[in-house]
Amino acid sequence: MSAARIVVAGTRSGVGKTTVATGIMAAFRRRSLLVQGFKIGPDFIDPTFHHAATGRPSRNLDGWMLSRETNHDIFARATHDADVAVIEGVIRL
């Protein structure tokens, strides 16, 4: 079974992506779903919030530092037992 996916993105930093993504993660977890969090791009703080909300380590998906294949592998491994994946992203202009 493939995990459902939700992407939370914004036009710039400081628009509330982490607040919304973490809130969604916590809401799904309260409904007894296995939630896997992801962050697009390098970040050390937001994944800590994701982990607190989901009880699972958040994973980084980064198209600049990692190949497409590596990102796909990270996603597949992290979501193999998850009900839903919440991906916190950023718009690139």
query = With the 4.5 Å side-chain cut-off for hydrophobic clustering, are Val7 and Ile40 part of the same group?
reply = yes

ask   = With Ser67, which residues qualify under side chain to side chain contact (heavy atoms under 4.5 Å, CB included), at least two apart?
value = Glu69, Thr70

ask   = In a check of side chain to side chain contact (heavy atoms under 4.5 Å, CB included) between Ile6 and each of Ile24, Ile87, Val20, which one passes?
value = Ile24

ask   = What pair of heavy atoms forms the shortest contact from Gly37 to Thr54, and how long is it?
value = N-CG2, 4.5 Å

request  = For residues 27-40, pull every pair meeting salt bridge (Lys or Arg N to Asp or Glu O under 4.0 Å), keeping only residues two or more places apart or in separate chains.
outcome  = Lys39-Asp43, Lys39-Asp46, Lys39-Glu88

request  = Grab the two heavy atoms, one from Ala53 and one from Met25, that are nearest each other, plus how far apart they are.
outcome  = CB-CB, 4.0 Å

query = Looking only at atom types and distance, does a side-chain atom of Asp83 sit under 3.5 Å from a main-chain N or O of Ala4, one as donor and one as acceptor?
reply = no

inquiry  = Test of understanding: with side chain to side chain contact (heavy atoms under 4.5 Å, CB included), list the residues that count as partners of Ser58, not counting sequence neighbours.
reply    = Pro47, His50

query = Under a single-linkage rule joining Ile, Leu, Val, Met, Phe, Trp and Tyr whose side-chain heavy atoms are separated by less than 4.5 Å, which residues share a cluster with Val15?
reply = none

inquiry  = So which atom in Asp62 and which in Asn60 form the shortest heavy-atom distance, rounded to 0.1 Å?
reply    = CB-OD1, 3.3 Å

query = Closest approach of Ala82 and Gln36, non-hydrogen atoms and distance?
reply = CB-CB, 4.0 Å

key: Atom pair CZ (Arg56) and OG1 (Thr79), whose distance is rounded to the nearest 0.5 Å   = 8.5 Å

ask   = So, the side chain of Lys17 versus the backbone of Arg12: is there a donor-acceptor pair under 3.5 Å, distance only?
value = yes

key: Shortest non-hydrogen contact between Ile74 and Leu66, atoms and distance   = CD1-CD1, 3.8 Å

message = List the residues meeting salt bridge (Lys or Arg N to Asp or Glu O under 4.0 Å) with Arg77, not counting sequence neighbours, and say none if there are none.
response = Asp73

task = Indicate if Val8 and Val84 have the same hydrophobic cluster label, given that clusters are the connected sets of ILVMFWY residues with side-chain heavy-atom separations under 4.5 angstrom.
result = yes

request  = Could you list all the ring-ring contact (aromatic ring centres under 6.0 Å, His included) pairs where at least one residue sits in residues 15-41, not counting sequence neighbours?
outcome  = Phe38-Phe75

